[in-house]
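First the structure, which I've put down as structure tokens, then a few questions once you've had a look.
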Amino acid sequence: MIIYQVYPRSFFDSNNDGIGDLAGIESKLDYIKRLGVDAIWISPFFKSPMKDFGYDVADYRQVDPIFGTMEDFKSLMRSAKAMGLGVMVDMVLSHTSEEHPWFVQSRAKENGKSDWYLWADPKPDGSPPNNWVSVFGGPAWRWDAERRQYYFHSFLSSQPDLNMHNPAVQEQVLAEMRFWLDLGVTGFRFDACNHIFQDLQLRNNPPREDSSAALHPYGFQLHVYDQAQPEMLPFLERVRALLDEYDAFSLAEVGGHDALKLMGDYTGATRLHSAYSFALMTPDSSDDHVRKVIATLEESIKTPANPCYALSNHDKPRVATRWAHGRDRVKTAKQMLALLFSLRGDICLYQGEELGLPQADVPFERLQDPFGKSFWPKFKGRDGCRTPMPWANKVHGGFSDVEPWLPVDDMQRELNVESQNARADSVLNFAREVIKLRKSHPALERGAIRLLEAPEGVLAFERVFEGEKVVCVYNMSGDDKNTLHDFPGKPLLAHDVSLGKHQISLGVNGFIMVFQK
């Protein structure tokens, strides 16, 4: 499945309040359909105080007014279905907002919800129960004067973690999923899957041997006890049983220690259908790194499950900047799209990636992300990959007629949809071409993947399906060229490549796909 990720705040503003909305997504479904994708995943649009921009849910069954109404969502669903596009909802299961009625009742020990969240007594000296720290900085425990206990929060202190060990909580979470399945959604993307369960003994995390790269104390620990607990596996089997009732699809976001192995644990015939990690969202674009990720996932994730490959999303710097390393931006964007759509499994394409958008530079005074505000300038937060989609070379990029919630980057505005539509050699038209190519060759769409020997700096593999083979070769080195022995067959797609009688020479951004029977 090819999934197009829509970050609703930044996709299209239909009512000119500076924030994208569901009606805006519906108005651009023709654009999404023309890309050739199978489904859209919409980042959270639930009712929320928006302290973490929708990932702090206050009601799983209501649309937040800034995004529209439930009727807007149903209209979007009808339009998407008519076009043959699936719609996936982003389910946040590890935590809620402190404003969610469940937490309000849990804090007050009302309606049997006293232990719906992870509460713990202080140590005798009043300090937190253990050494767990928050992903966003500082202790992961917040003192609550009403209960005279601490509650645990993996992320912001306004995002208390649910106690998923409680059977009643599991039942309620499954009921929230059923609500959306009954509305006809294609399935779910599950946020932060490794954070859903914690060790009930509240044991201290051990220190990490090498913390030199740590941004803040979270990176000083091995997160053995505050995530990735074994209780997750039977819970995922309950989730899968529900999904199977509706023939619905599931995609897990998996982070944390040894995430690639965890992706294998979380997927399978009785667990989730697919999973992705942040393994290819790092600055390392070397052939060795990508090869190791592919090899590990092939070992870890077994049929009928699939890995899902993603090079960008709403939390990480855009790949067009992250993997450029001084190379030509347009050529690099095309090479990365060619690589992404030649990998085995499901694919996530983040909005704007098909335009080759670079990471935006958001000035401190315009920052919205609390994570970025806390650690500026060492870490500038996530706003640079969340800026509005540029639809035209107009003020605010045609996203809105008013000043948007984040500024439109001038460099991104120049790469707008309207102008790229008009140029045959644009990144956008290349994205459409490579998606069409993938879907027209069974070897690329659903074939096995086999890594091939190649010179240093070159990533090479073949995709094989029922006698059809496509050999894929990418220069990941940044050197002027690498020379390989020729692969007999018909070139399907090639950029920055010289074909000799018995050799292939790859330029700095060179790649080639060769079809063989």
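Counting from 1, the numbers follow the sequence of the chain as shown.
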May I ask you to decide if the ring planes of Phe11 and Tyr31 are parallel, tilted or perpendicular, using 30° and 60° as cut-offs?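 Ring orientation of Phe11 relative to Tyr31: tilted.
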Hey, mind stepping through Phe511 and Met476 against side-chain contact (heavy atoms from CB on, under 4.5 Å) and telling me if it holds? CA-CA 9 Å; Phe511 66 88; Met476 308 294 286; over 6 Å; no
When rounded to the nearest 0.5 angstrom, what distance separates CG in Asp369 from CG in Asp383?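 That separation rounds to 5.0 Å.
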Are Leu355 and Ser426 close enough, and set up right, to give a side-chain contact (heavy atoms from CB on, under 4.5 Å), and what steps lead you there? CA-CA 8 Å; Leu355 303 175; Ser426 69; over 6 Å; no
Give a yes or no on whether the backbone of Met389 and the side-chain of Gln351 come within a donor-acceptor separation of less than 3.5 Å.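 No, Gln351 side chain to Met389 backbone: no donor-acceptor pair under 3.5 Å.
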Quick check: do Lys380 and Pro317 have side-chain heavy atoms less than 4.5 Å from each other?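 No, too far: nothing below the 4.5 Å cut-off.
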The test is ring pair (Phe, Tyr, Trp, His ring centres under 6.0 Å); show your working for His195 and Phe155 and say whether it passes. CA-CA 10 Å; His195 288 278; Phe155 300 98; 4.9 Å; yes
Stepwise side chain to side chain donor-acceptor pair (under 3.5 Å) test for His325 and Ser285: CA-CA 9 Å; His325 304 307; Ser285 62; 3.0 Å; yes
At what distance, to the nearest 0.5 angstrom, does OG of Ser250 lie from OH of Tyr266?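 Rounded to the nearest 0.5 Å, the OG-OH separation comes out at 13.5 Å.
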How about Cys348 and Gln5: do any of their side-chain heavy atoms sit closer than 4.5 Å?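 When only atoms from C-beta onward are counted, Gln5 and Cys348 do not touch, as no gap falls below 4.5 Å.
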Between the side chain of Glu253 and the main-chain N/O of Arg189, is any donor-acceptor distance below 3.5 Å?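 Such a contact is absent between Glu253 side chain and Arg189 backbone.
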Does Phe371 have its ring centroid less than 6.0 Å away from the ring centroid of Phe379?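 Between Phe371 and Phe379, the centre distance is under 6.0 Å.
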Do Arg318 and Glu353 sit within salt-bridge range, that is, some charged N less than 4.0 Å from a carboxylate O?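 Result for this pair is no, no salt bridge flagged.
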Can you check side-chain contact (heavy atoms from CB on, under 4.5 Å) on Lys316 and Thr282, steps first, answer last? CA-CA 8 Å; Lys316 296 294 181 181; Thr282 70; over 6 Å; no
For the side chain of Asp496 and the backbone of Val508, is there at least one donor-acceptor N/O pair under 3.5 Å apart?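 Answer holds: yes.
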Verify the neighbour count for atom CD of Glu365: are there more than 12 heavy atoms of other residues, nucleotides or ligands below 6.0 Å?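 It does: Glu365 CD has more than 12 such atoms within range.
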Listed partners of Trp141 passing side-chain hydrogen bond (donor to acceptor under 3.5 Å, both in side chains), at least two apart: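 For Trp141, the residues satisfying side-chain hydrogen bond (donor to acceptor under 3.5 Å, both in side chains) (neighbours in sequence not counted) are Asn130.
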Has Lys373 got its NZ or CZ under 6.0 Å from the middle of the six-membered ring of Trp376, at an angle within 45 degrees of the ring axis?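 Lys373 over Trp376 ring: no.
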Pairs where residues 436-461 contributes a residue and the test side chain to side chain donor-acceptor pair (under 3.5 Å) is met, not counting sequence neighbours: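 Qualifying pairs: Asp38-Lys439.
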Thinking salt bridges, do Arg208 and Asp210 make one under a 4.0 Å N-O criterion?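 Not counted as a salt bridge, because no side-chain N and carboxylate O are separated by less than 4.0 Å.
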Between Phe12 and Trp391, how do the two ring planes meet: parallel, tilted or perpendicular, split at 30° and 60°?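 Perpendicular.
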Compare all side-chain heavy atoms of Pro404 with those of Asp13 and state whether any distance is below 4.5 angstrom.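 Answer no - side chains too far apart.
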Could you walk me through whether Phe53 and Gln368 pass the side-chain contact (heavy atoms from CB on, under 4.5 Å) check? CA-CA 9 Å; Phe53 303 103; Gln368 302 291 325; 3.5 Å; yes
Would you mind reporting whether Leu493 and Ile512 have side-chain heavy atoms less than 4.5 Å apart?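 Side-chain contact under 4.5 Å: no.
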So, Gln221 side chain and Pro207 main chain: donor-acceptor pair closer than 3.5 Å or not?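 Such a contact is absent between Gln221 side chain and Pro207 backbone.
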Sub-6.0 Å ring centroid separation between His314 and Tyr55: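 Yes.
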Tell me whether Asp409 is salt-bridged to Arg413, with the criterion being a basic N under 4.0 Å from an acidic carboxylate O.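 The answer is no: the pair does not qualify as a salt bridge.
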Quick one: does Thr387's side chain get under 4.5 Å of Val408's, heavy atoms only?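 Result no, sub-4.5 Å side-chain heavy-atom pair not found.
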Ser43 (side chain) donor-acceptor with Tyr7 (main chain) under 3.5 angstrom: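 Flag not set: sc Ser43 to bb Tyr7 has no pair under 3.5 Å.
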Assert yes or no for the condition that the ring centre distance of Trp41 to Phe249 is strictly below 6.0 Å.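 Ring centres of Phe249 and Trp41 not closer than 6.0 Å.
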Between Ser286 and Asp284, do the side chains contain an N or O donor and an N or O acceptor separated by less than 3.5 Å?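 Asp284 and Ser286 do have a side-chain donor-acceptor pair below 3.5 Å.
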Salt-bridge test for Lys51 and Glu98: reply yes if a basic N is under 4.0 Å from a carboxylate O, no otherwise.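 A salt bridge is present here (some side-chain N lies under 4.0 Å from a carboxylate O).
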Using every non-hydrogen atom in the two residues, find where Gly478 and Arg327 come nearest and quote the distance to one decimal.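 In terms of heavy atoms, the two residues are closest at CA-CD, 4.2 Å.
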Arg291 (side chain) donor-acceptor with Leu452 (main chain) under 3.5 angstrom: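 Indeed, once roles are kept as given, a pair shorter than 3.5 Å links the two residues.
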Working to the nearest 0.5 angstrom, can you tell me the gap between Ile504 CD1 and Asn475 CG?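 One gets 12.0 Å once the value is rounded to the nearest 0.5 Å.
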Does the distance from a Lys or Arg side-chain N to an Asp or Glu carboxylate O, for Lys334 and Glu433, drop under 4.0 Å?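 No, this pair does not count.
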Parallel, tilted or perpendicular: ring planes of Phe375 versus His216, cut at 30 and 60 degrees: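 Ring orientation, 0 to 90° scale: parallel.
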Interatomic distance, Ile42 atom CD1 to Met88 atom CE [nearest 0.5 angstrom]: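 Ile42 CD1 to Met88 CE: 10.5 Å, rounded to 0.5 Å.
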Taking atom CG of Leu181 and atom OG1 of Thr186, what is their separation to the nearest 0.5 Å?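 It comes to 10.0 Å.
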Exercise: do Ser48 and Asp64 side chains pair donor with acceptor under 3.5 Å: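 No pair is found: no donor N or O on one side chain lies under 3.5 Å from an acceptor on the other.
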Between Ser342 and Ala338 (side chain of the first, backbone of the second, donor and acceptor by atom type, cut-off under 3.5 Å), is there such a pair?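 Yes; judged by distance alone, with no hydrogens or angles, the pair exists.
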Ignoring hydrogens and angles, tell me if any N or O in the side chain of Asp199 forms a donor-acceptor pair with the backbone of Asp226 under 3.5 Å.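 Checked: no pair found.
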Assess the pair His495 and Phe430: is the distance between their ring centroids shorter than 6.0 Å?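 Between Phe430 and His495, which both carry aromatic rings, the centre distance is below 6.0 Å.
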Taking everything shown except Lys47 itself, do over 12 heavy atoms lie less than 6.0 Å from its NZ?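 Not buried by this count: 12 neighbours or fewer within 6.0 Å.
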Checking the side chain of Arg382 only, and the main-chain atoms of Asp315 only, is there a donor and an acceptor separated by less than 3.5 Å?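 No: the side chain of Arg382 does not pair with the backbone of Asp315.
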Do we see a donor-acceptor contact under 3.5 Å between the side chains of Asp346 and Ser274?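 Yes, because at least one side-chain N or O of Asp346 sits under 3.5 Å from a partner of the opposite role on Ser274.
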Nearest heavy-atom pair of Met281 and Ala310: which atoms, and what distance?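 What the structure gives for the nearest pair is CE-CB, 3.6 Å.
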Side-chain contact test, heavy atoms from C-beta onward, threshold under 4.5 Å: evaluate it for Val89 versus Phe73 and give yes or no.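 Yes, side chains in contact.
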From Arg463 CZ over to Ile449 CD1, what is the distance, rounded to the nearest 0.5 angstrom?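 Between atom CZ of Arg463 and atom CD1 of Ile449 there are 5.5 Å.
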Check whether the ring centres of Trp132 and Phe220 lie less than 6.0 Å apart, and answer yes or no.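 Ring centres of Phe220 and Trp132 not closer than 6.0 Å.
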One pair to check against side chain to side chain donor-acceptor pair (under 3.5 Å): Gln227 and Asn194. What are the steps and the verdict? CA-CA 5 Å; Gln227 58 176 267; Asn194 50 304; 2.8 Å; yes
Donor + acceptor pair across side chains of Asp161, Ser154 (<3.5 Å):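 A donor-acceptor contact under 3.5 Å links the two side chains.
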Angle between ring planes, His223 versus Tyr218, binned at 30° and 60°: parallel, tilted or perpendicular?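 Answer is parallel, since the angle falls under 30°.
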With distance as the sole test, does Ser312 use its side chain to make a donor-acceptor pair with the main-chain N or O of Val319 at under 3.5 Å?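 Yes, because the side chain of Ser312 sits within donor-acceptor range (under 3.5 Å) of the backbone of Val319.
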Do Val63 and Phe46 come within less than 4.5 Å of each other through their side chains, counting heavy atoms only?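 Not in contact.
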Close side-chain approach of Leu459 and Val473, heavy atoms under 4.5 Å: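 Counting from C-beta outward, Leu459 and Val473 never come under 4.5 Å.
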